[in-house]
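Throughout, a chain's letter reflects where its sequence line sits, starting with A, and its residues are numbered from 1. Predicted, not measured: the structure shown is a model, and the values here were computed from it.
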Amino acid sequence: MRYWLMKSEPSDCSIDDLAAMPDQTVAWYGVRNYQARNFMRDQMTPGDQAFFYHSNCAQPGIVGIVSISSLAYPDATQFDPDSRYFDPKATRQTPRWLNVDVTLVRKTPLVSLAALRAEPELETLRMLQKGNRLSITPVDPAHWKFITSTLMAAADAP
DNA sequence: GCCAACGTTGGC
DNA sequence: GCCAACGTTGGC
């Protein structure tokens, strides 16, 4: 069982959008980066947990926890000419892009990007590394524990 | 909207 | 296989 951080633009799919989905589950489509795809294909298994992160918005940061609820399977949007994620080089026989399903576990207090950066314990968190643009990054168990038990607990307190 | 830092593409 | 040009990401 592994831990992850998955970025989503709230204008595209916010944590509240996810909460409103049937079964609070959504296909994590639209990943068009090979490294991120390979994480889904090679390392994600149902039951893994991930931070749901809002990117490219006024308040970037972690806003919830989701669980991975499927193995990787072909991303339907690559075959759809009307989709912004259409890939003319992908075929049904040899799909290029995959997605997993994610299911909401719970919304959390906002742990802002600034708050993450402020913690020496998180210096080596993959998503904070200079130049990182991956939409899916692994999270060390120690980092997961620190964020959930220390940062989120502090934010919950009055 | 700006721009730094990437990743991808395609000609050679 | 190189690398310039281009596109994208994402914080600010």
Between C/dG10 (P) and A/Leu5 (CG): distance, integer Å:
11 Å
Calculate the interatomic distance between A/Asn33 atom CG and B/dT8 atom C1'; express it in whole Å.
10 Å
Result for 5'-nearest mapping on DNA chain B, choosing between A/Asn56 and A/Lys89, is A/Asn56
Heavy-atom side-chain contact between A/Gln49 and A/Ile68 under 4.5 Å:
no
Taking only the side-chain heavy atoms of A/Leu113 (C-beta and beyond), determine which of C/dG10, C/dC12, B/dT8 contains the nearest atom.
C/dC12
Rounded off to whole Å, could you give me the CZ-to-P distance for the A/Arg133 and C/dT9 pair?
7 Å
Can you tell me how far P of C/dG10 sits from NE2 of A/His54, to the nearest Å?
13 Å
Looking only at side-chain N and O atoms, does A/Tyr85 offer a donor or acceptor that is under 3.5 Å from a partner on A/Asp80?
no
Are side-chain heavy atoms of A/Leu98 and A/Tyr73 found at a separation under 4.5 Å?
no
From CG of A/Leu134 across to C1' of B/dA5 the rounded distance in Å is 13 Å
Length of the CD-P vector between A/Glu9 and C/dG11, whole Å:
9 Å
Rounded to whole Å, how long is the line connecting atom CG of A/Asn132 with atom P of B/dA4?
19 Å
Take the protein atom CG of A/Asp87 and the nucleotide atom C1' of B/dT8, then report the distance between them rounded to whole Å.
12 Å
Of the nucleotides B/dT8, B/dG7, B/dT9, which has the atom closest to the A/Arg96 side chain?
B/dT9
Value for NE2 (A/His143) from CD (A/Glu119), rounded to nearest 0.5 Å, stands at 11.0 Å
Is there a donor N/O on one and an acceptor N/O on the other, under 3.5 Å, for the side chain of A/Arg32 and the base of C/dT8?
no
Say whether A/Trp28 and A/Asp101, considering side chains only, have a donor N or O and an acceptor N or O under 3.5 Å apart.
no
Does C/dT9 have its OP1 or OP2 closer than 4.0 Å to a side-chain nitrogen or oxygen of A/Lys7?
no
On DNA chain C, check which nucleotide each of A/Arg84 and A/Ala114 is closest to and give me the residue with the more 5' one.
A/Arg84
Are A/Tyr53 and C/dG11 close enough that a side-chain N or O sits under 4.0 Å from OP1 or OP2?
yes
